[in-house]
Amino acid sequence: MECDGIHVRSGTMTTIGLIGSGNIGSTVARLAVAAGYDVVLSNSRGPETLSDLVDTLGPRARAAMASEAAEAADIAVVTVPLKNYRRVPVEALRGKVVIDTNNYYPDRDGHIAELDDESTTTSELLQAHLPESHVVKGFNNIYVDHLATLDRPAGDADRSTLAIAGDDAAAKQTVSQFLDAIGYDTHDVGALNEGWRFQRDTSAYVTPYAMPGTTYPDWSARPTSADILRDALGSARRYRDM
Ligand SMILES: NC(=O)c1ccc[n+]([C@@H]2O[C@H](COP(=O)([O-])OP(=O)(O)OC[C@H]3O[C@@H](n4cnc5c(N)ncnc54)[C@H](OP(=O)(O)O)[C@@H]3O)[C@@H](O)[C@H]2O)c1
């Protein structure tokens, strides 16, 4: 069983700590539970508001305050509206691998000058907030319903590939193993400052995972090979060049 595999591989239980348990957080949690991980969910309103989700996910899931989810995490997933990134617990995530799913939507997040002038990227902002954590950008460029349905076992011809970026090779390896366990291959785009290549509105953003000819919100998922993803990444442009 997958869960035994995780235990044998790591020698210890692996816990995924969710900072944010909305669309993406709950979906990652469901995939992680299905792969045999324990998950600790959190949101901004408190653990009692997550009891239905915990019940749905079963005994491998519990809810806690964000700081407790961070404390419990072997791998943390930060998946909140970007405007709240400064509220992500710092101390409890020190030294840990942190997957950053966040995207910048000025209508939702307000304007952030360093993102508007492209002097930094969203995941570099989170890395600056968490200077002693190992931030890996991931899950940000796939629509939640596609993430929920495109997972496949290793070796499946229809397995999809997810993009990651980060500055720490060991952290990226850890994330790649996690993605493999939950049903995805990984394509490493490079350092964190390369994360713009799959940020909002680029050619590598969400459309690679959508069946051509279908449109939001009635998108069908398309299994996305590494070749499809690489092609999309190859056409990505900075906002200033669009
Ligand atoms: N939806 C997608 O298809 C998709 C795909 C890829 C990436 N993303 C990106 O991933 C991020 C999350 O998206 P989403 O669609 O999952 O958002 P969402 O459904 O609105 O969920 C956001 C979650 O973050 C929690 N949260 C907000 N502030 C928090 C804080 N300070 N501490 C802990 N939790 C906090 C919210 O809790 P409360 O409800 O209690 O406030 C909620 O559980 C966004 O940056 C988004 O752009 C979204």
Side-chain angles (χ1 to χ4, degrees), residues 16-32 39-54 56-57 61-73 76-93 98-110 112 115 121-126 129-130 135-151 160 162-165 179 182 184 195-202 204-210 214-221 224 229 232:
I16 309 301
L18 283 305
I19 314 301
S21 301
N23 293 305
I24 292 290
S26 64
T27 299
V28 172
R30 186 182 62 71
L31 292 169
V39 300
V40 182
L41 306 156
S42 70
N43 63 9
S44 74
R45 287 166 293 150
E48 65 284 356
T49 64
L50 291 164
S51 55
D52 287 351
L53 179 58
V54 168
T56 304
L57 291 173
R62 67 183 174 92
M65 300 300 288
S67 58
E68 296 168 321
E71 191 69 50
V77 183
V78 170
T79 185
V80 301
L82 183 68
K83 65 183 174 190
N84 288 351
Y85 83 89
R86 284 197 181 84
R87 292 166 59 190
V88 172
V90 177
E91 192 55 36
L93 293 175
V98 176
I99 303 176
D100 172 28
T101 82
N102 299 325
N103 293 304
Y104 175 43
Y105 281 93
D107 287 352
R108 178 193 66 193
D109 300 317
I112 299 174
L115 297 178
T121 61
T122 52
S123 294
E124 288 173 285
L125 279 185
L126 183 66
H129 174 69
L130 303 172
V135 173
V136 177
K137 187 179 190 68
F139 294 122
N140 71 293
N141 69 323
I142 182 167
Y143 177 56
V144 61
D145 291 356
H146 299 166
L147 178 65
T149 54
L150 284 173
D151 58 302
S160 292
L162 294 177
I164 62 167
L179 296 182
I182 66 170
Y184 287 92
W196 65 267
R197 294 181 187 279
F198 51 111
Q199 69 187 356
R200 190 204 75 231
D201 290 349
T202 59
Y205 189 67
V206 297
T207 50
Y209 302 93
T214 66
T215 51
Y216 178 83
D218 300 315
W219 285 356
S220 309
T224 301
L229 180 61

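The figures here come from the full heavy-atom set of this structure, side chains too, leaving out hydrogens, waters and symmetry mates. Order of appearance sets the numbers: ligands from 1, and atoms from 1 within every ligand.
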Notebook entry, point to check: Aromatic rings Y105 and Y205: how do their planes relate, parallel, tilted or perpendicular, breaks at 30° and 60°?
Noted result: tilted
Show the atoms of ligand 1 that are less than 4.0 angstrom away from any heavy atom in [X].
{"X": "I142", "answer": "5 (C), 6 (C)"}
{"X": "G22", "answer": "16 (O), 19 (O), 21 (O), 23 (C), 42 (C), 43 (O)"}
{"X": "Y143", "answer": "3 (O)"}
{"X": "P81", "answer": "22 (C), 24 (O), 27 (C)"}
{"X": "F139", "answer": "6 (C), 7 (C)"}
{"X": "R45", "answer": "38 (P), 39 (O), 40 (O)"}
{"X": "R87", "answer": "31 (N)"}

Which residue and non-hydrogen atom of the protein lie closest to [atom], and at what distance in Å?
{"atom": "atom 17 (O) of ligand 1", "value": "N23 ND2, 4.3 Å"}
{"atom": "atom 38 (P) of ligand 1", "value": "S44 OG, 3.2 Å"}
{"atom": "atom 25 (C) of ligand 1", "value": "G20 CA, 3.7 Å"}
{"atom": "atom 43 (O) of ligand 1", "value": "S21 N, 3.0 Å"}
{"atom": "atom 28 (N) of ligand 1", "value": "N84 ND2, 2.9 Å"}
{"atom": "atom 36 (C) of ligand 1", "value": "N43 CB, 4.2 Å"}

Is a side-chain donor or acceptor of [X] paired with a backbone partner of [Y] at a separation under 3.5 angstrom?
{"X": "N102", "Y": "V80", "result": "yes"}
{"X": "R197", "Y": "A204", "result": "no"}
{"X": "T121", "Y": "W196", "result": "no"}
{"X": "N23", "Y": "S26", "result": "no"}

Note to self: Looking at R62, I'd like to know if its CZ atom is crowded, meaning that more than 12 non-hydrogen atoms belonging to other residues, nucleotides or ligands lie closer than 6.0 Å.
What the structure shows: no
Item checked: Residue pair L115, L82: steps toward the side-chain contact (heavy atoms from CB on, under 4.5 Å) verdict -> CA-CA 11 Å; L115 297 178; L82 183 68; 3.7 Å; yes
Next item on the list: Determine if the distance from atom 20 (O) of ligand 1 to the closest protein heavy atom is below 4.0 Å.
Entry: no
Margin query: I need the contact type for R108 against ligand 1. Using non-hydrogen atoms and a strict under-4.0 Å cut-off, is it side chain, backbone, both or neither?
Written below: side chain
I'd like to check whether [X] has a polar contact with ligand 1, where a contact means an N/O of the residue lying under 3.5 Å from an N/O of the ligand.
{"X": "G25", "value": "no"}
{"X": "N103", "value": "yes"}
{"X": "V80", "value": "yes"}
{"X": "N141", "value": "no"}
{"X": "I24", "value": "yes"}

Next item on the list: Apply the side-chain hydrogen bond (donor to acceptor under 3.5 Å, both in side chains) test between N140 and each candidate in D100, T101, N103; give the one that qualifies.
Entry: N103
Margin query: Please evaluate residues L150 and I142 with respect to the criterion side-chain contact (heavy atoms from CB on, under 4.5 Å), reporting the C-alpha separation (whole Å), side-chain torsions for both, the decisive distance (0.1 Å), and the verdict.
Written below: CA-CA 10 Å; L150 284 173; I142 182 167; 4.3 Å; yes
Margin query: Run the side-chain contact (heavy atoms from CB on, under 4.5 Å) test on T79 and F139 for me, step by step, so that the C-alpha distance in whole Å, both residues' side-chain angles and the decisive distance to 0.1 Å come before the verdict.
Written below: CA-CA 9 Å; T79 185; F139 294 122; over 6 Å; no
Notebook entry, point to check: Between G195 and K137, what is the shortest heavy-atom contact and its length?
Noted result: O-CE, 3.4 Å
Next item on the list: Grab the two heavy atoms, one from P89 and one from I19, that are nearest each other, plus how far apart they are.
Entry: CD-CG2, 4.4 Å
Checklist line | side-chain contact (heavy atoms from CB on, under 4.5 Å) evaluation trace for L162 with Y209 | finding: CA-CA 10 Å; L162 294 177; Y209 302 93; 3.7 Å; yes
Next item on the list: With atom 10 (O) of ligand 1 as the reference point, say which of L53, D109, T101, V144 has the nearest heavy atom.
Entry: T101
